[in-house]
2 protein chains.
Amino acid sequence: MSTVTIKDIARALNISTSTVSRALRGSYEINQETKELVLEYAERLNYRPNPIALSLKENRSRAIGVIVPQIANYFFSQAINGIEAIAYNRGYHVIIFQSQESYEREAANMQQAMDRKVDGLLISLSSETSDVSHLRALQEQGLPIVQFDRVSHELDTTCIVADNFGGAFAATEHLIKAGRQRIAHLTIPPWLSITQERLAGYRAALEQYGLPYDETLVRYGTFGQNETGPMVDELLALPSPPDAFFTASDRLALGCLASLHQRHIAIPDDVSLIGFTNLNAADLLNPALSTVVQPAQEIGQVAVERLIELIEKKQKAAPPSTVKIPTRLIVRESTRSVVHS
Amino acid sequence: MSTVTIKDIARALNISTSTVSRALRGSYEINQETKELVLEYAERLNYRPNPIALSLKENRSRAIGVIVPQIANYFFSQAINGIEAIAYNRGYHVIIFQSQESYEREAANMQQAMDRKVDGLLISLSSETSDVSHLRALQEQGLPIVQFDRVSHELDTTCIVADNFGGAFAATEHLIKAGRQRIAHLTIPPWLSITQERLAGYRAALEQYGLPYDETLVRYGTFGQNETGPMVDELLALPSPPDAFFTASDRLALGCLASLHQRHIAIPDDVSLIGFTNLNAADLLNPALSTVVQPAQEIGQVAVERLIELIEKKQKAAPPSTVKIPTRLIVRESTRSVVHS
DNA sequence: ATCGTTCCCGGCAACGTTTGCGGTAATAAA
DNA sequence: TTTATTACCGCAAACGTTGCCGGGAACGAT
């Protein structure tokens, strides 16, 4: 109803739409008086250009698509926070898609994002995704893509990730220095890049300190519910059970903590626990949880900055590379070293 | 580059675009053979209609705007989760805006949402917002609006909220029954509807059990950082300090818990603590936190369902009303009753 | 008087799609 | 044979905006 168009202004001022258009963007070939007239009138009627018409004309949308497995996950919501803040300032909108850890939905989301003509795509892969040909197809069509957190290196895109190796190394080293010898690693699906990197950091630390790498101490979860119980049970039933747990995600850390509570295992007296997490309440847990924090917001920010750079400079942008954002080890009660008398 | 348009199909098949368009939507005035030809060809080339062109023509976008104070807040991210799931199934996209608890950004977000021609708006007000004339203006222009959680009743829209009164009543009643007499209420800005409702529930419970209502026990926070420390200090310095804390948000509950820890106040031995929250790790806190849980996801779902109803039935939709979603009291360690000997 | 400039502006097409209207054949009814 | 009906399809406008092209007026230079 009340939306003012360039035509309305043209009609009211008895000039052509092209003149109005040029006046509005301050073209040099418009009379100063006319310009002021148009500007003043547009201001008064609160004229706002129709971005949809622009999109149609310029075949772009000033929107970027963000595909994440789950919004209701503190890591991703923080990352989106970082993304949205930057994008907003740069004049881009953010359209959110959730893959719900489903390959199919992820592919459908991409199709939708393409249909909507997003100018670029930010994606963190679903845990089901091992084949990335759908992504490659879009990339080959010229869509700027930046991966973050859960990335695939089979794809030649810019990737923004936490320093998973370093974080895992630091966590494992810390446990070892606190006197732990049998360190279990509860982690996420093995085909994810971050899983491999964390596992590598874990192994490197074990090796450096002369501890054996025992495959039976490494357990892979999905992102399902209540899967830690059985994992913990199996580990504790081993002939030589673990004296520490290093978990690779928020959910696993919390699940593991809950499972240990239920089984009346004392932390850190019986076992240590450290997470690779993003919780803001880790220090309020029982016990306060040692953790390797991932700078989720910063990852989001860097990712969207790179993406916009890619969108706007297209050809002469920095070549694809992987950016590692440092992680931080925070030591709390759950990994206190226990003196064996 | 590779996007197929109706024109491409028309050219290839040597027919007009109107015929293609009609064939694609199965118009009766197109020859069966032609239809099949077009459908088959469109399928083969993976034709997908350009939603932007549609939007321009029909002056709608099949997108709904969601304005929340903060994405990185478990309540809102869960609500968005619910929203996105439903919207997706109904063919709508979700465009997210964060007001960052700023009135100005909220207003700017609305403007942007309007510019983008969202078909409807879902909003939870920023804590700074007391004047809602900007919202009213949009509503009077015919934009379907549904408020959720932080709503203003100065506006005649459908509102979806948790049962704040009931939840606060239940929490307060529970504390009283556990033997507490001086119950402090740490809450959010007083001009928010949810604040008033929770306060009313708190007062009603006090009254029902014959306890006096003491204004000095009620403290209003903003949504800033680290504001609970001073509040807790002031309360504990009262001549007759509280023996229980009832907090009105995730952040206040966690902040209060942290502040009490720092001051070495034992929970629940010295004071009780119960939150009005949405944390999924409340049972893992130290101590396990009693809480009134808000069904965030359900609130989001109901809100978007109502909004879509409003969008699609416009005139004959249900009249504005306020829907209260029940809350649930979960009792844990932090409000254990302490036997005074 | 003619030509070249400069300044300012309007017409038109285009982006992809839908839709009202008109038109052409073929067939049926008179 | 003429007329009405049916079945099928194309033309063109419209949504809001931009940009190319062209053109008129005014002016100075030749």
Side-chain angles (χ1 to χ4, degrees), chain A residues 1-39 41-42 45-63 91 111-112 114-119 142, chain B residues 1-39 41-42 45-63 91 111-112 114-119 142:
Chain A
M1 154 118 285
S2 71
T3 48
V4 185
T5 78
I6 243 177
K7 285 189 186 175
D8 299 327
I9 303 182
R11 207 175 313 123
L13 264 43
N14 221 12
I15 54 182
S16 79
T17 58
S18 8
T19 305
V20 176
S21 172
R22 275 186 284 250
L24 286 174
R25 55 197 54 251
S27 163
Y28 66 97
E29 45 176 301
I30 297 294
N31 191 329
Q32 191 59 30
E33 286 179 45
T34 316
K35 262 190 213 172
E36 284 165 10
L37 205 64
V38 171
L39 260 344
Y41 191 79
L45 263 65
N46 191 30
Y47 165 78
R48 333 218 80 230
N50 182 331
I52 296 182
L54 261 295
S55 292
L56 180 59
K57 188 144 200 22
E58 302 177 356
N59 204 35
R60 50 122 97 203
S61 60
R62 285 211 158 271
Q111 188 55 261
Q112 297 246 354
M114 279 302 273
D115 291 351
R116 288 256 157 189
K117 305 269 184 261
V118 295
D119 294 348
Chain B
M1 153 117 288
S2 71
T3 49
V4 185
T5 78
I6 244 178
K7 286 189 186 176
D8 298 327
I9 303 182
R11 206 174 315 122
L13 265 44
N14 221 11
I15 53 181
S16 78
T17 58
S18 12
T19 305
V20 176
S21 172
R22 276 187 277 251
L24 285 174
R25 55 198 53 252
S27 162
Y28 66 98
E29 46 177 312
I30 298 294
N31 190 330
Q32 192 58 31
E33 286 180 44
T34 317
K35 263 190 210 171
E36 282 166 11
L37 206 64
V38 171
L39 259 345
Y41 192 79
L45 262 65
N46 190 29
Y47 165 78
R48 332 217 82 228
N50 183 331
I52 296 182
L54 261 294
S55 292
L56 180 59
K57 189 141 201 20
E58 302 177 355
N59 204 35
R60 51 121 97 199
S61 59
R62 285 211 159 272
Q111 188 55 260
Q112 297 245 355
M114 279 302 272
D115 292 351
R116 288 256 156 188
K117 305 269 185 260
V118 295
D119 295 348

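Throughout, protein chains are lettered first and strands after them, A, B, ... in sequence-line order, and every chain is numbered starting at 1.
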Can you name the nearest heavy-atom pair linking [X] to [Y], along with the distance?
X: L24(B); Y: Y47(B); result: CD1-CE2, 3.6 Å
X: K117(A); Y: N50(B); result: CE-ND2, 3.7 Å
X: R62(A); Y: R116(B); result: O-NH2, 3.3 Å

Of the listed nucleotides [options], the one nearest the side chain of [X]:
X: Y47(A); options: dG10(D), dT17(D), dT17(C); result: dT17(D)
X: T5(A); options: dG16(D), dT18(C), dC15(D); result: dG16(D)
X: A53(A); options: dG16(D), dT18(C), dC15(D); result: dG16(D)

Between [atom2] on [N] and [atom1] on [X], what's the gap in Å once rounded to a whole number?
X: E58(B); N: dG16(D); atom1: CD; atom2: C1'; value: 15 Å
X: R62(A); N: dT18(D); atom1: CZ; atom2: P; value: 13 Å
X: N50(B); N: dT17(C); atom1: CG; atom2: C1'; value: 8 Å
X: N59(B); N: dT18(C); atom1: CG; atom2: P; value: 16 Å
X: K57(B); N: dG16(D); atom1: NZ; atom2: C1'; value: 12 Å
X: R60(B); N: dA14(D); atom1: CZ; atom2: P; value: 22 Å
X: L13(A); N: dC9(C); atom1: CG; atom2: P; value: 11 Å

Below 4.0 Å: OP1/OP2 of dA14(D) and any side-chain N or O of K7(A) =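 Checking dA14(D) against K7(A), no side-chain N or O comes under 4.0 Å of OP1 or OP2.
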So, is K117(A) near the phosphate of dG16(C), with a side-chain N or O under 4.0 Å from OP1 or OP2?
->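 False: K117(A) side-chain N/O out of range (4.0 Å or more) of dG16(C) OP1/OP2.
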Difference in axis direction between the ends of the helix from dA1(C)-dT30(D) to dA30(C)-dT1(D), five pairs, 10° =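 Between the first-five-pair axis and the last-five-pair axis there is 80°.
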To the nearest 0.5 Å, how far apart are CG in N59(A) and CD1 in I52(B)?
->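 Reported to 0.5 Å precision, the distance equals 7.0 Å.
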Enter the distance from I30(A):CD1 to L37(A):CG here, rounded to the nearest 0.5 Å.
->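 Taking CD1 in I30(A) and CG in L37(A), the distance rounds to 12.0 Å.
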Side chain of [X], backbone of [Y]: donor and acceptor closer than 3.5 Å?
X: T17(B); Y: A10(B); result: no
X: D119(B); Y: S61(B); result: yes
X: K35(B); Y: R22(B); result: no

How is I6(B) classified with respect to the nucleic acid when contacts are heavy atoms under 4.0 Å: base, sugar-phosphate, or nothing?
->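 Counting heavy atoms under 4.0 Å across all strands, the contact made by I6(B) is with sugar-phosphate only.
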With heavy atoms under 4.0 Å as the rule, sort I15(B) into base, sugar-phosphate or nothing.
->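 Contact class for I15(B): sugar-phosphate only.
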Please list residues of residues 18-37 of chain B whose heavy atoms come under 4.0 Å from any atom in DNA chain C, ordered by number; otherwise none.
->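 Listed by number, they are S18(B), S21(B), R22(B), R25(B).
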Test item: side-chain donor near acceptor, T19(B) and S16(B), under 3.5 Å =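 Yes, side-chain donor-acceptor contact under 3.5 Å.
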